[in-house]
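For the single chain, residues carry numbers from 1 onward in sequence order.
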Amino acid sequence: MTEKINIEYVQETGFRERMKKVSQTYLKKYRRRGRFTSYDGTRIFYFTYIRKNAKGNIVISHGFSEFAEKYDEMIYYFLQAGYSVFIAEHRGHGRSERRLSNMDKVYVESFAQYVRDLRIFVNKIVKRHQNEMILFAHSMGGAIGALYLQRYPGDFQKAILSAPMIQMKVHGLPYPAAMMIARICKCLGFGKAYAAGQHGFSMKPKFERSSCLSEERYLYAHEKRKANKRRRTNGACYSWVCAAQTASVFVQASENIRKIDIPVLVFAAGRDHMVNTDEICRFAGKLKNARLVWFLDAKHEIFNAKERSSMQFFEEIFLFLQEG
């Protein structure tokens, strides 16, 4: 019989105030910060939230232009459910080291760099705590997570992929044409320049154009970005776009998908304007042991949807975590 998990969900009304007064106090009891040196000398920042007698270790791989505190609400729920949580900020994000002086730009040479950073984090920090290993990966972090599962199939026992960037969505041009232009621009020496349509962070909230349906949750993250310039990564460089396409080809290859044989819970959003949901479906359909859950009315950040949808999102996760 499945054990009922009692979670105190944070309501939409008064969300920011509740997070500050109650959830943050709870999180601070468990939160520890640190840095480790990756394979090429890059310094990577992380948080750990360790529970005694934890049911498992949940490793979060965050999305494009995100930072650790954006996952405060999620971490709050995982801790209540009895799990320890670990989150590292990907290189070029948050308090991790950057290659560019412009902190608004998202730049990387290859997604393999993200994967190698995450592997070192798992081996050096997470595996000290011997529990079942569970990966939660969102968007860009979902691409990183899928690559990780394909290259290091023995590290995790379960995985949750939230709107994973199996292939990014582009607007205004067919995908192949957009990728060709990105590669030409990189070859011409513009790899560190903003890709077409990309730009720096705006202090003015733009909720209507965001990936959220919960304005309170959107503003919670936006206020944190305003408060710290290291949380303002915002626009992709041409080098990042090219790296994302290369990662997508690798992730989608059938011989690589077959390497993932653990249980995987995959989420897709019906109103997603950031990633190609058709490719998510194809990817999930090729996995050996996967369940695809649609949220037809949600945008890209399903966990930041309206209250009912976000609660259902977490309930699906906790049911999945309890399955044998």
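- Note that OG of Ser96 and CZ of Phe67 are 13.5 Å apart. Values are rounded to the nearest 0.5 Å.
- Under a 4.0 Å N-O distance rule, the pair Glu216/Arg16 qualifies as a salt bridge.
- Between Trp294 and Phe267, the gap from one ring centroid to the other reaches at least 6.0 Å.
- Side-chain contact annotation: Glu12 with Ser214, donor-acceptor N/O pair under 3.5 Å present.
- The local environment of NZ in Lys169 is crowded, with over 12 non-hydrogen atoms from other residues, nucleotides or ligands closer than 6.0 Å.
- Inter-residue side-chain proximity for Lys105 and Arg99 is flagged as unmet; no heavy-atom pair is nearer than 4.5 Å.
- Ring-centre distance between Phe314 and Phe303: not below the 6.0 Å cut-off.
- Ring centroid separation for the pair Tyr152 and Phe156 does not come in under the 6.0 Å cut-off.
- Heavy-atom contacts from other residues, nucleotides or ligands closer than 6.0 Å to NZ of Lys28 number 12 or fewer.
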One pair to check against side chain to side chain donor-acceptor pair (under 3.5 Å): Asp72 and Tyr220. What are the steps and the verdict? CA-CA 10 Å; Asp72 281 350; Tyr220 178 80; 2.8 Å; yes
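- A distance of 12.0 Å separates CD1 of Ile317 from NZ of Lys158, quoted to the nearest 0.5 Å.
- Listed for the Arg91 side chain is no donor-acceptor partner under 3.5 Å among the backbone atoms of Arg98.
- Interatomic distance, OG of Ser162 versus CD1 of Ile302, reported as 5.0 Å (0.5 Å rounding).
- Legend: residues meeting ring-ring contact (aromatic ring centres under 6.0 Å, His included) with His129, ordered by chain and number and at least two apart, are Phe86.
- Shown here for Ser139 and Gly63, the closest heavy-atom pair between the two residues is CB-CA, 4.3 Å.
- You'll find the ring centres of His93 and His62 inside the 6.0 Å limit.
- Taking a cutoff of 4.0 Å between a charged side-chain nitrogen and a carboxylate oxygen, Arg282 and Glu279 qualify as a salt bridge.
- For Asp297, the CG atom is loosely surrounded, since the number of other residues' heavy atoms within 6.0 Å does not exceed 12.
- The number of heavy-atom neighbours closer than 6.0 Å to CD of Glu255, taken from other residues, nucleotides and ligands shown, is above 12.
- Seen from the ring of Phe111, Arg116 does not count as a face-on cation partner, given the 6.0 Å and 45° thresholds.
- Ring centers of His138 and Phe64: at least 6.0 Å apart, outside the cut-off.
- Arg217 forms a cation-pi arrangement with Phe15, by the criterion of a distance under 6.0 Å to the ring centre and an angle within 45° of the ring axis.
- Remark: Arg31 qualifies as a cation-pi partner of Phe47 under the 6.0 Å distance and 45° angle criteria applied to the six-membered ring.
- Asp155 and Tyr148 are linked by a side-chain donor-acceptor pair at a separation below 3.5 angstrom, with hydrogens and angles left out of the test.
- Between Tyr46 and Phe36, the two ring planes are tilted [angle within 30° to 60°].
- For the pair Lys55 and Glu132, the salt-bridge criterion is not met [side-chain N within less than 4.0 Å of a carboxylate O].
- Taking a cutoff of 4.0 Å between a charged side-chain nitrogen and a carboxylate oxygen, Glu89 and Arg35 do not qualify as a salt bridge.
- Paired with Tyr26 under the rule ring-ring contact (aromatic ring centres under 6.0 Å, His included), one option of Tyr76, Tyr49, Phe78, Tyr77 passes, and it is Tyr76.
- Annotation: side chain to side chain contact (heavy atoms under 4.5 Å, CB included) contacts of Cys212 (sequence neighbours excluded): Phe207, Ser210, Tyr218, Glu301, Asn304.
- Between the side chain of Arg231 and the backbone N or O of Ala227 there is no donor-acceptor pair closer than 3.5 Å.
- Classified by interplanar angle (parallel below 30°, tilted 30° to 60°, perpendicular above 60°), the ring pair His273/His171 is tilted.
- When the shell of 6.0 Å around CG of Asn289 is examined, it contains more than 12 heavy atoms from other residues, nucleotides or ligands.
- A salt bridge is absent between Lys229 and Asp104: the closest approach of a Lys/Arg side-chain nitrogen to an acidic carboxylate oxygen does not fall below 4.0 angstrom.
- Arg183 and Thr246 share a side-chain donor-acceptor pair at under 3.5 Å.
- Side chains of Thr37 and Arg43: a donor on one and an acceptor on the other come within 3.5 Å.
- The side chain to side chain donor-acceptor pair (under 3.5 Å) test applied to Lys21 returns Glu17, not counting sequence neighbours.
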